[in-house]
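Everything below concerns the one structure shown next.
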Amino acid sequence: MAHHVSDLAASDIAAYLAAHEEKSLLRFLTCGSVDDGKSTLIGRLLYESKLVFEDQLDALYNDSRRLGTQGNRPDLALLVDGLASEREQGITIDVAYRFFSTERRKFIVADTPGHEQYTRNMATGASTADLAIILVDARKGILTQTRRHSFIVSRLGIRNIVVAVNKMDLVDYDPAVFRRIEREYALLARALGEDLDITAIPISALEGDNVIAPSAAMPWYDGPTLMEHLEQVELEDARAAAPFRLPVQWVNRPDLDFRGFAGQIAGGSVRVGDPVTVLPSGLTSTVTGIVTMDEQRTEAIAGQSVTLTLADEIDVSRGDMLVSSEAPAQTGDRFEATILWMADEKMFPGRSYWIKTAGGTAQATIGAPDHRVDINTLATEPARNLALNEIGVCAVTLDRPIAFDAYADNRDTGSFILIDRLTNATVGMGMIHRALSRSANIHWQATEIDRQARAALKGHRPAVVWFTGLSGSGKSTIANLVEARLAAAQVHTMLLDGDNVRHGLNRDLGFSDTDRVENIRRIAEVARLMTEAGLVTLVSFISPFRAERRMARSLVPDGEFFLVHVDTPLEVAEARDPKGLYAKARAGEIANFTGIGSPYERPEQPDLRIDTTALTPQEAADRVIAELARHGIIAAAGI
């Protein structure tokens, strides 16, 4: 008898697990303005779905007595607000993910912040969602955050939106209030796009009205409850309908007889025998095998992690993308994208960032925005950069070609994040629109005479000697002395001075932080070209930001860039004030003057530090010459 009961229990468990696996999965997020009841709504869904364990309920009751806002009743928001600071303030700060299930469907819900400063967190939660629940406080109506979040979810490809008009109990369940908000949101939805599927539902997350069961207090509403809609909404599997895409995450070579390419399929399906193309190289082959952890397959679909083997021994590396030969992805090093800026520091056009896409990681330069979106009106407006939580359309230029799709065609292969190269912090996220023509039509032209040949003609190696320091530190004086010494020894040089260059090449730039970044970007490119010509190039610029100095170094080969920090204290440089600039800055006549109204980021590891309070200009020049000779840029004899 015991065996029979045990066998029955085992079969029941197996049947339950099989049925559970066959349920469809809906990923959705809740968003909206501050205190619209997002956490309370999710807590209600979890509570009513009987997915709160006894120990969690005990903790909920205890926390509700100490931190809750509902008197003697359990504060359901505390089921989701897990951070101590969230509970103390009664707000959501980070994205909280929760899983729950009903008889019909499985769900993963992301509770996202409402505060404007945490919009970046909300966008992160939206990036993987199929549906968005946008809560609107019935007392307040459509707010700026409602518009902002609606715009973001629509641009992130979410087509199914539920407008949950919450706190209907606080407006006496008045149907006129709900209908007014429903009409206002319909106008907003039309401005966002014609293909959005909008469902408006009046609810009270606190009281449970229309969340799980129909509300007796709102007999005038005859639509589905929120849970009914979540269980019934039909979703298109855009990834399954897309052409085949497999970003290569790992080259699997356990022995000499096996070489496979592993990754998660980001679009479409693949069968043994299908022709595939490797991007960005364009090499082609045929799939000979599809391997998973425990079996060989003849077919695999989007979302599955597999290893593919190919018929030909072609070069495929991590960061490449295997695609359908019949419908390949785009390739290029320049594209147009919508960018949501996520950093406290403004985006600087021209600054170099890391970009991470399904097609790999590269260096990226962001152009000045074509326009910025006014969240309140959804109108476009001119902009020179993007600040925290601002959204704009920009051109993105990479240091190498990658494979990508338009975001509208594939969310996985058409999205990217931007990473600060100094701090490794994520500073932006973007959705690709299209390749820009230069990507396909401009190629690097090989030349017969290269940098080594030009250097051989001159009898010395090329180099960039980059002098950085405050205005009045002595950069130009020392650079002039170094160039004179080098010229006397017949070393071919070019001196790029900040003031001189602003008379010509950079005469269109001002002194804002954005213009300073572009100023240095241009000079760094000119210096690179000078090294291609075989010259020792002396660059004398304040160049206040570490990121741009690092970018300049990255443009030339290792061992050919020397950062010289002309280290003069601010009070000494200001006392010298040879051009009277500090006096004008102190008087408010010059804005954004480095050291006064704009920061100077000291080099952390310069190749050479010169203390001008301890060395004369001539002694400083001797130190620079000695450094170049020590690294073999010039011959020590005769200098």
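Side-chain atoms are counted along with the backbone in the values below, which use heavy atoms only and exclude waters and symmetry mates. For clarity, every value in this text was computed on a predicted model and none was experimentally measured.
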Quiz prompt | Qualifying residue for side chain to side chain contact (heavy atoms under 4.5 Å, CB included) with Ile355, from Thr361, Val396, Thr397, Ile419 | solution = Val396
Quiz item: Is Lys346 salt-bridged to Glu390, going by a charged N under 4.0 Å from an acidic O?
Solution: no
Quiz item: When rounded to the nearest 0.5 angstrom, what is the spacing between CD1 in Ile158 and CG in Leu29?
Solution: 5.5 Å
Exercise. Look at atom CD of Glu103 and say whether more than 12 heavy atoms of other residues, nucleotides or ligands are closer to it than 6.0 Å.
Key: no
Self-check item: 4.5 Å side-chain heavy-atom contact, Val153 and Ile161
Solution: yes
Exercise. Using a strict cut-off of less than 4.0 Å between a Lys/Arg side-chain nitrogen and an Asp/Glu carboxylate oxygen, indicate whether Glu299 and Arg297 qualify as a salt bridge.
Key: no
Quiz prompt | Chi angles and distances behind the side-chain contact (heavy atoms from CB on, under 4.5 Å) call for Ile198, Val163 | solution = CA-CA 7 Å; Ile198 309 296; Val163 182; 3.9 Å; yes
Quiz prompt | NE2 on His433 to CD on Glu336, rounded to 0.5 Å | solution = 6.0 Å
Practice problem: Would you give the length of the straight line joining atom CZ of Arg155 to atom CG of Leu192, rounded to the nearest 0.5 angstrom? | Solution: 6.0 Å
Quiz item: Of all heavy-atom pairs between Met347 and Tyr353, which one has the smallest distance, and what is that distance?
Solution: CA-OH, 4.0 Å
Practice problem: Over all heavy atoms of both residues, which pair between Arg411 and Gly157 is shortest? Give the atoms and the distance, please. | Solution: NH1-O, 4.0 Å
Quiz item: Could you walk me through whether His229 and Val162 pass the side-chain contact (heavy atoms from CB on, under 4.5 Å) check?
Solution: CA-CA 9 Å; His229 182 75; Val162 175; 3.4 Å; yes
Quiz prompt | Gap separating the CG atom of Leu45 from the CG atom of Leu230, nearest 0.5 angstrom | solution = 7.0 Å
Quiz item: Does CZ in Arg318 sit with more than 12 non-hydrogen atoms of other residues, nucleotides or ligands closer than 6.0 Å?
Solution: no
Self-check item: CD1 on Ile417 to OG1 on Thr426, rounded to 0.5 Å
Solution: 4.0 Å
Quiz prompt | Arg27 side chain to Asp130 backbone, donor-acceptor under 3.5 Å | solution = no
Quiz item: Run the side-chain hydrogen bond (donor to acceptor under 3.5 Å, both in side chains) check on Arg421 and Ser352 step by step: do they pass?
Solution: CA-CA 8 Å; Arg421 296 180 62 194; Ser352 179; 3.0 Å; yes
Practice problem: Report yes if the side chains of Ile339 and Leu386 come closer than 4.5 Å at any heavy-atom pair, otherwise no. | Solution: yes
Quiz item: Is any side-chain heavy atom of Thr284 closer than 4.5 Å to a side-chain heavy atom of Val276?
Solution: no
Quiz item: Quick check, are the ring centers of Trp341 and Phe348 under 6.0 angstrom apart?
Solution: no
Practice problem: Show the numbers, then the answer: is there a salt bridge (Lys or Arg N to Asp or Glu O under 4.0 Å) between Asp333 and Arg400? | Solution: CA-CA 6 Å; Asp333 62 357; Arg400 64 178 182 84; over 6 Å; no
Quiz item: Are side-chain heavy atoms of Leu422 and Arg550 found at a separation under 4.5 Å?
Solution: yes
Self-check item: Shortest non-hydrogen contact between Ile301 and Ile265, atoms and distance
Solution: O-CD1, 3.5 Å
Quiz item: So which heavy atom on Gly350 is nearest to which on Arg521, and how close?
Solution: O-CD, 3.4 Å
Quiz prompt | Side-chain donor or acceptor of Asn166 paired with backbone N/O of Ala205 under 3.5 Å | solution = yes
Quiz item: Tell me, do Ile290 and Leu308 make a side-chain contact under 4.5 Å, heavy atoms counted?
Solution: yes
Quiz item: Quick one: does Ile201's side chain get under 4.5 Å of Thr225's, heavy atoms only?
Solution: no
Exercise. Quick one: sort the Phe28 and Phe107 rings into parallel, tilted or perpendicular, breaks at 30° and 60°.
Key: perpendicular
Practice problem: Indicate whether any N or O donor in one side chain lies under 3.5 Å from an N or O acceptor in the other, for Ser24 and Lys106. | Solution: no
Practice problem: Begin from the C-alpha positions of Thr338 and Ile391 and carry the test side-chain contact (heavy atoms from CB on, under 4.5 Å) through to its verdict. | Solution: CA-CA 7 Å; Thr338 292; Ile391 300 169; 3.6 Å; yes
Self-check item: Residue that, paired with Val278, satisfies side chain to side chain contact (heavy atoms under 4.5 Å, CB included) out of Val248, Val323, Ile314, Asp315
Solution: Ile314
Self-check item: Trace of the salt bridge (Lys or Arg N to Asp or Glu O under 4.0 Å) decision for Asp412 with Arg245
Solution: CA-CA 9 Å; Asp412 291 335; Arg245 303 286 186 264; over 6 Å; no
Quiz item: Can you check whether Leu322 reaches Thr277 side chain to side chain, under 4.5 Å on heavy atoms?
Solution: no
Quiz item: Can any side-chain N or O of Thr288 pair as donor or acceptor with the backbone N or O of Thr309 at less than 3.5 Å?
Solution: yes
Practice problem: Identify the heavy atoms of Pro349 and Asn385 that sit nearest to each other, and give their distance. | Solution: CD-CB, 4.0 Å
Quiz item: Using the benzene-type ring in the case of Trp, are the ring centres of Phe335 and Phe416 under 6.0 Å apart?
Solution: yes
Practice problem: Could you check Met321 against Thr413 for side-chain contact (heavy atoms from CB on, under 4.5 Å), going step by step and ending with a plain yes or no? | Solution: CA-CA 10 Å; Met321 193 183 298; Thr413 58; 3.9 Å; yes
Quiz item: Atom CG in Leu188, atom CZ in Arg190: separation rounded to 0.5 Å?
Solution: 10.0 Å
Self-check item: Flag side-chain contact, heavy atom, 4.5 Å: Tyr185 against Ile134
Solution: yes
Self-check item: Gln232, CD: over 12 other non-hydrogen atoms inside 6.0 angstrom
Solution: yes
Quiz item: Looking at Arg105 and Glu231, does any basic side-chain N land under 4.0 Å from a carboxylate oxygen?
Solution: no
Quiz item: Which atom pair, heavy atoms only, marks the closest approach of Ser285 to Leu310?
Solution: OG-CB, 3.6 Å
Quiz item: Could Arg351 and Glu548 be called an ion pair, given the rule that one side-chain N must be under 4.0 Å from one carboxylate O?
Solution: yes
Quiz prompt | Asn252 (side chain) donor-acceptor with Gly260 (main chain) under 3.5 angstrom | solution = no
Quiz item: Between Asp405 (side chain) and Gln330 (backbone), is there a donor-acceptor pair under 3.5 Å?
Solution: no
Quiz item: Would a distance-only check, ignoring hydrogens and angles, find a side-chain to backbone donor-acceptor pair under 3.5 Å from His149 to Gly32?
Solution: yes
